[in-house]
Amino acid sequence: LDYPLKGLKTLALSELGVSMQSYEDVLSGAETLADRSPEQVYRYACADADMALRLFHKLQGRVPEEAARLDEQLVSVLLDMEDAGMYIDPVKLESAGQMLTARLDKVTQVLVRDDLVDEAQPNPNSTFQIGREIKRQFPDKKLRTTPDGRIATDEPALRDLGGPFCERLLKYRGYKKVLSTYVLGLLTRLDDNNRVHTTFNLGLTHSGRLSSSGPNIENIPAVGEMGKLIRSCFTAPPGYRFLKIDYDQLELRVMAALSGEPLLVNAVANGDDVHLATARRLFGRSSISYDERRLAKTIVYGWSYGGGPYKLQEVARKEGLELSIGEASYFHTEMGRTMPVLNEWKKSIMQDIQRTGFSYTLMGRRRDCMGVKSGDRKVRDEALREGFNHVVQGTAAEIVKKAMLRIAPLAKSLGVELVNQVHDELDLYVPLTASTGPLANACEDALNGVVLPVSVHIGESWYEEKD
């Protein structure tokens, strides 16, 4: 099915010519459907079911048979995962909330200006007042503005400005988001068994990757102090251990398999560190520091996914690495020389996208990239980049989905609970006496001769797994 993604009512109108009654129309001023008559509710619900079935019959031919069958088979697995839920230690989560509240209070105090009375203090939650304070603190600096002319106060703008005030404001926002979304938000969603039940979505991402909502498990920080704080609260339930099975550099291996790039294929085959090998090529020496390897890794992914010098610079900054635009341009050019086969394969994929307006995963899942026909260069470049990403990320998503179908029945037979899938990892609860070897073996795969191995981590919590 072509993208952009559309809702049931939009598709019913565009594909079937049927204008459906909206949820707001059914409510007609009432607070919930419980306040409407049974006849009004069942007519609305039956119309949804009817249109969904009609659209299924009309649209099913647009989804490649193999990809459609994969998603259909996965539905029952996802339902079991949703029903199981993820266990959270409420005592740990409440303790995390108390710590964050104390930190939030502390950083709020250091945002206060000594030269202003209480009524005139800038409200850290008001973008207008923060913008006014930024203008006061940076009187001689050209400030970024929003489309409506206000001073930009988003994270990139604050990081560019720097200085104590902006750094403290970023801390304030970070603490507040974690407290409200991941502490208070999760506490309100716990069931009687201290489990939180997300909804896994099969069709809400362009790449075909799974996503989750209510809550969005994928957005929970994975690294850093906040990642440790929140993920440590996701513990294994009593009598179980927390098992994470994670594909090693899956997207990089997919690119190796699809392109045949010798540097990648040989490094993978020999068990070498791909990013270390790339860094040696880029820097022209065998001795590579930890930060140089990190930089090489960032450059590989930024360049591989169609990013130009400015995109490389942006990606590096997100990883806490600084690149001048001159350095980014140099590395962008060098990557083409370092991986010439991958470079040519990438060019051929992008030429196909420009010619057809579509990109495809290995199973044939199609993405609409008609932005390549735009007269706006930025729109064209973004459509090309997203189209290429779809080829790699979508194929990786298909590999993970197939692994889930293999591991789900095996997990049940071993008394293991499959509870989560995020990025390239599967999360499970394993009884203390159960073996993890068969589960890892079920996930391992190969693509065009390129091995797709997994790492196994086991411990007491989502953060504290040990090799």
Side-chain angles (χ1 to χ4, degrees), residues 155-156 158-160 162 167 170 174 221-228 244 246-347 385 388-389 392-393 396 423-425 450-455 457 463 465-467:
E155 182 176 344
L158 294 177
R159 292 202 181 281
D160 284 343
E167 290 173 6
L170 286 169
V223 296
E225 185 185 15
M226 293 300 103
K228 179 178 181 180
K244 181 174 78 172
D246 194 12
Y247 279 95
D248 297 334
Q249 301 174 332
L250 180 58
E251 291 177 13
L252 202 62
R253 291 172 184 268
V254 167
M255 283 191 280
L258 297 182
S259 70
E261 168 56 52
L263 175 63
L264 294 178
V265 173
N266 292 336
V268 167
N270 297 329
D272 296 339
D273 184 325
V274 173
H275 302 306
L276 185 59
T278 305
R280 285 170 175 160
R281 289 274 192 96
L282 286 175
F283 295 107
R285 60 178 185 273
S286 59
S287 179
I288 298 297
S289 70
Y290 172 77
D291 282 341
E292 285 171 336
R293 182 193 176 280
R294 281 185 64 218
L295 180 58
K297 178 180 179 180
T298 301
I299 291 168
V300 166
Y301 283 114
W303 174 82
S304 298
Y305 287 130
Y310 285 100
K311 191 68 178 179
L312 286 187
Q313 187 183 44
E314 178 187 330
V315 172
R317 186 171 295 166
K318 286 181 179 178
E319 294 296 323
L321 301 166
E322 288 300 325
L323 273 183
S324 69
I325 194 60
E327 291 170 330
S329 297
Y330 168 78
F331 285 125
H332 184 267
T333 301
E334 281 301 301
M335 277 301 301
R337 298 193 185 112
T338 300
M339 299 188 187
V341 176
L342 177 59
N343 193 33
E344 288 304 311
W345 174 72
K346 185 174 74 168
K347 285 180 181 178
R385 188 186 66 79
F388 181 79
N389 288 0
V392 179
Q393 293 177 350
H423 301 302
D424 300 330
E425 77 176 57
V450 174
V451 176
L452 307 174
V454 296
S455 296
H457 311 271
Y463 184 83
E465 313 100 338
K466 299 291 186 291
D467 291 344

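All values reported here derive from a predicted model rather than from experimental measurement.
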Work out which heavy atom in [X] is nearest to a heavy atom in [Y]; give both atom names and the distance.
X: M339; Y: L264; answer: CE-CD2, 3.7 Å
X: L282; Y: Y330; answer: O-OH, 4.0 Å
X: L312; Y: A328; answer: CD1-O, 3.6 Å
X: V268; Y: V450; answer: CG1-CG1, 3.8 Å
X: R280; Y: S286; answer: NE-O, 3.0 Å

| Set of residues satisfying side-chain hydrogen bond (donor to acceptor under 3.5 Å, both in side chains) with respect to D272, sequence neighbours excluded |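 Residues passing side-chain hydrogen bond (donor to acceptor under 3.5 Å, both in side chains) with D272: none at all.
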| field | For K228, all residues meeting salt bridge (Lys or Arg N to Asp or Glu O under 4.0 Å), sequence neighbours excluded | value |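 Partners of K228 under the salt bridge (Lys or Arg N to Asp or Glu O under 4.0 Å) test: none.
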| Counterpart residues, salt bridge (Lys or Arg N to Asp or Glu O under 4.0 Å), relative to E344 (two or more places apart) |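 For E344, the residues satisfying salt bridge (Lys or Arg N to Asp or Glu O under 4.0 Å) (neighbours in sequence not counted) are K347.
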| task | Output every pair passing salt bridge (charged side-chain N to carboxylate O under 4.0 Å, His left out) with a member in residues 291-304, not counting sequence neighbours, ordered by first then second residue. | result |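 Listed once each, the pairs are D273-R293, R285-E292, D291-R294.
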| query | Does anything in residues 251-271 pair up under salt bridge (charged side-chain N to carboxylate O under 4.0 Å, His left out), and if so which pairs, sequence neighbours excluded? | reply |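 Of all non-adjacent pairs touching residues 251-271, those that pass salt bridge (charged side-chain N to carboxylate O under 4.0 Å, His left out) are R209-E251.
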| By ring-ring contact (aromatic ring centres under 6.0 Å, His included) - contacts of Y247 (at least two apart) |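 Per chain and number, Y247 pairs via ring-ring contact (aromatic ring centres under 6.0 Å, His included) with no residue.
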| request: First locate atom CD of E327, then atom CG of L295, and finally report the distance between them rounded to the nearest 0.5 Å. | output: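 That separation rounds to 8.0 Å.
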| field | Distance-only polar pair, side chains of S455 and D248, donor-acceptor under 3.5 Å | value |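 The answer is yes; a qualifying pair exists.
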